[in-house]
S.K.: 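Mind having a look at this structure? Questions to follow.
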Amino acid sequence: MPPAPIPVRRAAAADRAEWRRMRDALWPHESAEHADEIEACLRAPADAGAAFVAERAGGGLGGLLELRLRDFAEGCTSSPVAYVEGWWVDPDARLQGVGAALMRAAEAWARDLGLTEIASDCDLDNEPSLRAHQALGFAEAVRVICLRKRL
Ligand SMILES: CC(C)(COP(=O)(O)OP(=O)(O)OC[C@H]1O[C@@H](n2cnc3c(N)ncnc32)[C@H](O)[C@@H]1OP(=O)(O)O)[C@@H](O)C(=O)NCCC(=O)NCCS
């Protein structure tokens with residue numbers, strides 16, 4: 001028998017605590033901003049962006065994908081582009097198709113808006129993320145070096 005589909009749905013207000021927990025795990029240095037950013041996501045127009053969550057069989061959530069529209073994305077030729085801002089699966093739930101199910105939901109959302117490209121990024125040393133993106137059909141576009149100067 002084929003495995004049961006992983007339940008993925010739009011994130012809702014009732015997911016705040018779990019949503020924040022997963023954001024904290026993905027972006028621990030930006031934890032102070034997460035509550036406000038979640039509220040902003042919940043208030044944003046439905047076609048400005050989307051957050052999807054994966055439900056665990058026993059209750060609670062095991063994965064999160066946030067995307068929003070960007071006017072420009074490196075390597076893309078269309079505008080706007082659906083951009084994956086965050087993609088997280090709890091460590092104990094990885095390599096079981098949860099990340100792929102979240103990405104499928106994101107791609108369907110973008111297609112429904114008539115978009116023709118979806119873009120994402122990962123740190124140079126995040127090999128698992130690069131491999132997962134590639135397994136799901138993403139091709140490397142460019143490598144960038146980010147620079148800063150204190151003023
Ligand atoms: C990236 C991440 C979301 C993938 O989630 P996941 O649930 O493990 O992904 P899936 O099980 O759905 O795998 C999807 C595909 O990617 C592949 N894949 C996933 N992790 C992989 C890894 N570490 N190495 C190689 N391939 C990998 C899977 O084999 C699968 O390919 P297949 O369909 O050909 O078998 C998860 O590893 C994660 O949360 N990482 C930490 C946060 C992070 O780095 N996020 C991305 C920020 S850029």
Side-chain angles (χ1 to χ4, degrees), residues 1-12 15-38 40-42 44 48-113 115-148:
M1 214 162 61
I6 294 153
V8 166
R9 58 169 173 77
R10 289 289 285 263
D15 299 317
R16 280 186 182 101
E18 282 280 86
W19 192 347
R20 186 162 180 187
R21 174 186 66 74
M22 291 188 282
R23 268 179 154 255
D24 285 348
L26 179 58
W27 298 305
H29 304 300
E30 295 156 34
S31 183
E33 285 110 65
H34 290 167
D36 286 347
E37 288 175 1
I38 287 170
C41 279
L42 288 167
F52 292 95
V53 291
E55 293 178 345
R56 285 177 178 272
L61 302 177
L64 169 72
L65 189 153
E66 290 185 23
L67 75 167
R68 72 178 170 96
L69 296 191
R70 287 195 186 186
D71 290 337
F72 169 82
E74 294 283 356
C76 291
T77 55
S78 60
S79 177
V81 174
Y83 201 93
V84 178
E85 303 289 349
W87 188 27
W88 172 263
V89 173
D90 287 338
D92 68 296
R94 287 180 194 164
L95 294 173
Q96 298 164 44
V98 177
L102 287 163
M103 195 62 80
R104 277 197 299 276
E107 291 176 9
W109 177 86
R111 276 198 201 90
D112 284 350
L113 284 181
L115 305 184
T116 56
E117 288 177 294
I118 183 165
S120 185
D121 60 61
C122 72
D123 289 341
L124 286 176
D125 60 358
N126 192 346
E127 196 67 20
S129 171
L130 177 60
R131 295 283 163 247
H133 278 95
Q134 289 172 330
L136 298 178
F138 286 79
E140 186 174 321
V142 291
R143 291 193 172 223
V144 295
I145 298 175
C146 299
L147 302 152
R148 74 185 283 270

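All ligand and atom numbering here is 1-based and tracks the order in the structure.
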S.K.: Show every side chain to side chain donor-acceptor pair (under 3.5 Å) that has at least one partner inside residues 129-139, sequence neighbours left out.
M.R.: S120-H133, E127-R131, S129-H133, R131-Q134
S.K.: Any side-chain donor-acceptor pair under 3.5 Å between D71 and S79?
M.R.: no
S.K.: Between V81 and L115, what is the shortest heavy-atom contact and its length?
M.R.: C-CD1, 4.3 Å
S.K.: May I have every N or O pair linking ligand 1 to the protein at under 3.5 Å, one per line with atom names and distance?
M.R.:
unit_1	atom_1	unit_2	atom_2	d
ligand 1	7 (O)	G99	N	2.8
ligand 1	8 (O)	L95	N	2.8
ligand 1	11 (O)	L95	N	3.3
ligand 1	11 (O)	Q96	N	3.2
ligand 1	11 (O)	G97	N	2.9
ligand 1	12 (O)	G99	N	3.3
ligand 1	12 (O)	A100	N	2.7
ligand 1	39 (O)	V89	N	2.8
ligand 1	39 (O)	V89	O	3.4
ligand 1	39 (O)	R94	NE	3.4
ligand 1	44 (O)	N126	ND2	2.8
ligand 1	45 (N)	W87	O	2.7

S.K.: Should the pair E107-R104 be classified as a salt bridge under the 4.0 Å nitrogen-to-oxygen rule?
M.R.: no
S.K.: Please determine, by modelled atom types, if W19 and E66 share a side-chain donor-acceptor pair under 3.5 angstrom.
M.R.: yes
S.K.: The test is side-chain contact (heavy atoms from CB on, under 4.5 Å); show your working for D15 and R10 and say whether it passes.
M.R.: CA-CA 10 Å; D15 299 317; R10 289 289 285 263; over 6 Å; no
